[in-house]
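Note sheet for the following structure.
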Amino acid sequence: MAKRSTQGTAGRTPRSPRRAEALSREAIVQAATDLLDEGGETALTMRALTGRLHTGYGAIYHHVADRNDLLAAATDDVIARVLAGVVVDADPPEALRRLALGLFDAIDAHPWVGAELSRQPWRPVLLEFYENIGRLLNALGVPARARFDAAGTLVNYILGVAAQNAANTRYLAGGDTDRDAFLTAAATQWARLDPGRYPFVHEAATRLREHDDREQFLAGVDIFLAGIATLR
């Protein structure tokens, strides 16, 4: 193609390199994800997004219907990456652990994802996650009569624990106390309780101070796996 003549362009304002590039849906979703990670759901506004991308509202609305559509798209993108990371031909118990831990880690890294999934549990990407759970339960020999309850129990456990962990992280981030200090204070209170009335709580005080949320989450998945083994 012949090079376009530059004659007659004097006095025109040069176009910004960013504006000259074709704005893709992927770029918009990534910018929205960055805003959500930096400031939570309130940080995602169309004004902030246009500023981040150096573009106008029309370019954004060409790819997404509104803010809610954009939030859903960002959530879908995060969960799709979790599903892509699961090894299809892996040992079923290990694949299930990876799938569960992948969603836990995703919500830990992107706390807003858990809230969005709870509002729209029918989203295709979550249904795909649910389908993978069902497939793995089938491979583990869980009978059809128990598969629905088993899948629901596991998905609710994953989403519930991950959302609570993310909420705790946000709570601590907004104050002057870090996780270690918070757990130490709680464990100290537990240790002061009457061991005659609260024997388990008193005994668990040390573990509370030292426990790792991620490892405890995986322990719960292993307890689930041990439970469904009795259904075969």
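These numbers come from the heavy atoms of this one structure, side chains and all, not from hydrogens, waters or symmetry mates.
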TODO: Check step by step if side-chain contact (heavy atoms from CB on, under 4.5 Å) holds for Arg25 and Val64.
DONE: CA-CA 8 Å; Arg25 180 180 173 88; Val64 296; 3.5 Å; yes
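- The pair Arg119-Glu41 counts as a salt bridge, with a side-chain nitrogen and a carboxylate oxygen less than 4.0 angstrom apart.
- Within the 4.5 Å cutoff, the side chain of Leu103 has heavy atoms near those of the Leu159 side chain.
- Look at Arg52 and Glu38 and you find a salt bridge, because one of the NZ, NE, NH1 or NH2 atoms lies within 4.0 Å of a carboxylate O, short of that distance.
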- [ ] Carefully, step by step, assess Thr206 and Glu210 under the rule side-chain contact (heavy atoms from CB on, under 4.5 Å).
- [x] CA-CA 6 Å; Thr206 301; Glu210 299 172 352; 3.6 Å; yes
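- Between atom NE2 of residue His63 and atom CG of residue Asp69 there is a gap of 12.0 Å, rounded to the nearest 0.5 Å.
- Summarising the geometry of Met46 relative to Tyr61, their closest heavy-atom pair is CG-OH, 3.4 Å, with the distance given to 0.1 Å.
- Summarising the geometry of Ile107 relative to Ala163, their closest heavy-atom pair is CG2-N, 4.2 Å, with the distance given to 0.1 Å.
- At a threshold of 4.5 Å between non-hydrogen side-chain atoms, the residues Leu117 and Ile79 count as touching.
- Between Arg97 and Asp222, at least one side-chain N (NZ, or NE/NH1/NH2) sits under 4.0 Å from a carboxylate O, which counts as a salt bridge.
- Between Asp213 atom CG and Leu183 atom CG the span is 7.0 Å, to the nearest 0.5 Å.
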TODO: Under the side chain to side chain donor-acceptor pair (under 3.5 Å) rule, what do Gln216 and Asp212 come out as? Steps first, then yes or no, please.
DONE: CA-CA 6 Å; Gln216 189 178 53; Asp212 179 273; over 6 Å; no
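- The minimum heavy-atom distance linking Ala205 with Ala191 is given by the pair CB-N, 3.9 Å.
- The closest side-chain heavy-atom distance from Arg47 to Tyr57 is below 4.5 Å.
- Summarising the geometry, atom CG belonging to Leu126 is positioned 10.0 Å from atom OG belonging to Ser118; distances are rounded to the nearest 0.5 Å.
- Using a 4.0 Å cut-off between a side-chain N of Lys or Arg and a carboxylate O of Asp or Glu, Arg209 and Asp180 do not qualify as a salt bridge.
- Nearest heavy atoms, Ala187 versus Leu208: N-CD2, 3.8 Å.
- For the pair Leu83/Leu99, a side-chain contact is recorded, criterion being any heavy-atom separation below 4.5 Å from C-beta on.
- By the 4.5 Å heavy-atom criterion applied to side chains, Ile60 and Leu53 are counted as neighbours.
- A side-chain donor-acceptor contact under 3.5 Å links Tyr157 to the backbone of Phe217.
- The CZ atom of Arg214 sits 4.0 Å away from atom CG of Leu101, with the distance rounded to the nearest 0.5 Å.
- Note that the CG atom of Leu35 and the CG atom of Leu71 stand 11.5 Å from one another [nearest 0.5 Å].
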Open item on the list: Apply side-chain contact (heavy atoms from CB on, under 4.5 Å) to residues Leu154 and Leu96 and explain how you reach the verdict.
Closed with: CA-CA 10 Å; Leu154 181 57; Leu96 194 147; 3.5 Å; yes
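- Atom CG of Leu225 and atom CG of Leu137 lie 8.5 Å apart (nearest 0.5 Å).
- Between Thr33 and Trp112 there is a side-chain heavy-atom pair separated by less than 4.5 Å.
- Side chains of Arg135 and Asn138: no donor on one and acceptor on the other come within 3.5 Å.
- Note on Leu127: it does not cluster hydrophobically with Ile158, by side-chain heavy-atom contacts below 4.5 Å among ILVMFWY residues.
- Nearest heavy atom pair, residue Leu36 against residue Ala74, reads CD1-CB, 4.1 Å.
- The number of heavy atoms from other shown groups lying within 6.0 Å of NE2 (His62) does not exceed 12.
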TODO: Evaluate side-chain contact (heavy atoms from CB on, under 4.5 Å) for Asn168 paired with Gln164, printing each intermediate quantity in order.
DONE: CA-CA 6 Å; Asn168 291 341; Gln164 184 60 56; 3.0 Å; yes
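- Residues Ile228 and Ala150 approach most closely at CG2-CB, 4.3 Å, considering heavy atoms.
- Salt-bridge annotation for Glu94 and Arg98: present, with a side-chain N of the basic residue lying under 4.0 Å from a carboxylate O of the acidic one.
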